[in-house]
Amino acid sequence: MRAGFRAALVKTALVTALAAGAGTASAAPCPGAAGFPAWLSQFRQEAAGQGISQRTLSAALDGLSYDASVVKSDRGQGVFSQSFFEFSDRMVAKYRIQQGAALIQKNRATFDRIEQRFGVPAPVIVAFWGLETDFGANMGDRQTVRSVATLAYDCRRPDMFRTQLLAALKIIDRGDLTAQTMRGPWAGELGQFQFLPDHYLNYGVDFDGDGRVDLLRSTPDALASAANYILALGWKRGQPWLEEVRVPPSLPWDQADLAIKLPRAQWAKWGVRRADGNALPGDQVTASLLLPMGRTGPAFLAYPNFDIYTEWNNSLVYATSAAYLATRIAGAGPYYRGQGTIPTLSMAQVADLQRMLNARGHHVGGVDGKLGAATRAAVKAEQARLGLPADSYPTLELIARLKAGG
Ligand code: CA
């Protein structure tokens, strides 16, 4: 289920944050179910103080009970650790590309109006739609207020979920959804694009003109709201987001880094070509070189619009897959898989690597087995120090060199 998957990603970032702060005195004690009614009654007063109507408070909170299964899901969640190959093979499936293209045709008039108003092209929106909920098929069916209230009461992220609970009540108060129709997965995401309640409240758009923002059942509302959110994240009209390229073996690999944006003229000078073999335009349009499987795997130019993908979801594997799916729906071919197999480190091996990187004075944060931005940066520094191609992609060779005291 996409919904659960998205929750896993949200959670992963938070788990890391929590691990980093573990052992500090600020950690709240975890309450049991018994204290929930008293907490809820106190929260209710705060919500009333924020202007939420008694009618909404009554409809949403009367008789609301603690949901132990939500806390269990929250505690038991696996950590996302798939490689770009594994994840994109699963998510950028043929049926999603075909269904995405068919849905653009079916909703052509709506997408035209959306692009005119927000500047976001249909394939970009449809790719998120497919990844988040399989185009609205998997939105989750739990009562959101109950899930979010339980998590706001629980000890792990009470502030974040208190904000979400207040937003959920405001959505009900505004008349967009009722406490009964507001349903989703256990972590509180809502609708066809799995917006958290505060995103729903702040970026939701009534695009079918019925006076309500319904991100669950109105496709025009859901699509326009996604575009509105993408625009708010900084989307630039008429510009590309991701383009597959071919790279020569002689490239200065340390330049392949999302933090480094260079003119296409520079990439062209270094021998980077379009995926079809043609020359890149020698212009000043800037892009980063993205190598999600290292220098022997597929290569992409990530344009400034790619930044909205990492804002949407801070997992680079998710972001790259979503942007790539959008290019496929827009007509691009499948990426070049590289020569031979590209080994992927297990989570245990990445954790092992992280311990060694930390011991060498790098700060990769928690040892979580995930290949995040800080770990990639430390890998790059060690590769450069050891005279290895500094493409930020960790290999067994690097681990062996570090273990040997290199
Ligand atoms: Ca509407």
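Whatever order the structure lists ligands and atoms in, that order sets their numbers, starting from 1. The shown structure was predicted, so the numbers you read here are calculated from the model rather than taken from an experiment.
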Review point. Any Lys/Arg nitrogen of Asp208 or Arg217 sitting under 4.0 Å from an Asp/Glu carboxylate oxygen of the other?
Key: no

Practice item. If you have a sec, read the angle at the Ca ion (ligand 1) from Asp221 atom OD1 over to Arg212 atom O, to 10 degrees. Key: 120°

Practice item. Check whether any N, O or S atom of Asp214 sits under 3.0 Å from the Ca ion (ligand 1). Key: no

**Study point:** Tyr229 and Trp312 aromatic centres sub-6.0 Å
**Key:** yes

Check your understanding: How many degrees, to 10°, between Asp210 OD1 and Asp206 OD1 as seen from the Ca ion (ligand 1)?
Key -> 90°

Practice item. Indicate if the distance from the Ca ion (ligand 1) to the nearest N, O or S atom of Pro220 falls below 3.0 Å. Key: no

Practice item. Please state whether the rings of Phe207 and Phe118 are parallel, tilted or perpendicular, taking 30° and 60° as the class boundaries. Key: tilted

**Study point:** Atom name in Asp208, limited to N/O/S, at shortest distance from the Ca ion (ligand 1)
**Key:** OD1

Point to revise | Nearest heavy-atom neighbours spanning Trp241 and Ala323 | key: NE1-O, 3.0 Å

Exercise for review: Kindly say whether the aromatic ring centers of Tyr203 and Phe195 come within a distance under 6.0 Å.
Suggested key: no

